[in-house]
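Down below is the structure, laid out as structure tokens.
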Amino acid sequence: NAGVTQTPKFQVLKTGQSMTLQCAQDMNHEYMSWYRQDPGMGLRLIHYSVGAGITDQGEVPNGYNVSRSTTEDFPLRLLSAAPSQTSVYFCASSYSQGSYEQYFGPGTRLTVT
Amino acid sequence: GQQVMQIPQYQHVQEGEDFTTYCNSSTTLSNIQWYKQRPGGHPVFLIQLVKSGEVKKQKRLTFQFGEAKKNSSLHITATQTTDVGTYFCAVYNQGGKLIFGQGTELSVKP
């Protein structure tokens, strides 16, 4: 199993550009989520999904969209990139919502200039 | 919403010294998870605590869940350079979202 994969590993955007961060898992996990990590802020939940076709907002959803058309994929879209979105983004998955360990992808380091 | 406070933010120790990080919540927790993130890496699950007063050990790591289920700690005995990284606690809030503490960054001087 590849586990949780994310692409790209690095990305530089100009303010106002849009892009999609890809996330996929091959463990047949129902629950998937996106976090951003900033120095001193820990990991903050952006959006999550409890299954295909179902998504919900986390702590910091503004400026981001998600969709979950399949169990495997959970892309994160930046609609109009801003410097405040410069961060490291992690995708995670788990068997189901609730008391299950999260498996994290390797992360995408995004810089918005 | 659910918040969990983690202290300290940074800890610098000499190799062989002990290390402890604490997580505190104002509300009773159903469970708490601990993760480790190596520099440049991604968080990796360490353990989950569920029961009041629970103590679990993994080699030199000892995890505790408070009697009131409002706090937890991770203690590392005799740190090694391989322990370097950031340790996070994480809790599920009432909406089922997994919320992370701010993390404790551990550096170990050989």
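Each chain gets a letter, A, B and so on, in the order its sequence line appears, and its residues count up from 1.
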Under 4.5 Å between side-chain heavy atoms, hopping through other hydrophobics if needed: is there a path connecting [X] to [Y]?
X	Y	answer
A:I46	B:F100	no
A:F90	A:V4	no
B:I47	B:F19	yes
A:M19	A:F74	yes
A:V112	A:Y89	yes

Please determine whether the number of non-hydrogen atoms from other residues, nucleotides or ligands lying under 6.0 Å from atom [atom1] of [X] exceeds 12.
X	atom1	answer
B:R38	CZ	no
A:Y95	OH	no
A:R109	CZ	no

**Prompt:** For B:Y92 and A:Y100, which heavy atoms make the closest approach, and how far apart are they?
**Reply:**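 In terms of heavy atoms, the two residues are closest at OH-O, 3.3 Å.
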**Asked** Is it true that a side-chain atom of A:Q97 and a backbone atom of B:G96 form a donor plus acceptor pair closer than 3.5 Å?
**Response** yes
**Message:** Tell me which of these, A:Y31, A:Y103, A:Y48, has more heavy-atom pairs under 4.5 Å with chain B than the rest.
**Reply:** A:Y48
**Asked** Most heavy-atom pairs under 4.5 angstrom with chain B, which of A:A92, A:S94, A:G105?
**Response**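 Among the listed options, the one with the most contacts to chain B is A:G105.
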**Message:** If we count only N and O atoms by modelled type, under 3.5 Å, do the side chains of B:Q33 and A:Q102 hold a donor and an acceptor together?
**Reply:** no
**Structural part of B:Y35 lying under 4.5 Å from a heavy atom of chain A** = side chain
**Request:** Check whether B:E105 gets within reach of chain A through its side chain, its backbone, both or neither, counting any heavy atom under 4.5 Å.
**Result:** neither
**Message:** Quick check on A:L43 against chain B: is it the side chain, the backbone, both or neither that has a heavy atom closer than 4.5 Å?
**Reply:** both
**Asked** With only heavy atoms counted, which part of A:Q6 is less than 4.5 Å from chain B, the side chain, the backbone, both or neither?
**Response**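 For A:Q6, no heavy atom lies under 4.5 Å from chain B.
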**Prompt:** Heavy atoms, side chains only, cut-off 4.5 Å: are B:L98 and A:S33 in contact?
**Reply:** no
**Message:** Can you tell me how far apart NE2 (B:H42) and CD (A:Q37) are? Round to the nearest 0.5 Å.
**Reply:**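 Taking NE2 in B:H42 and CD in A:Q37, the distance rounds to 12.0 Å.
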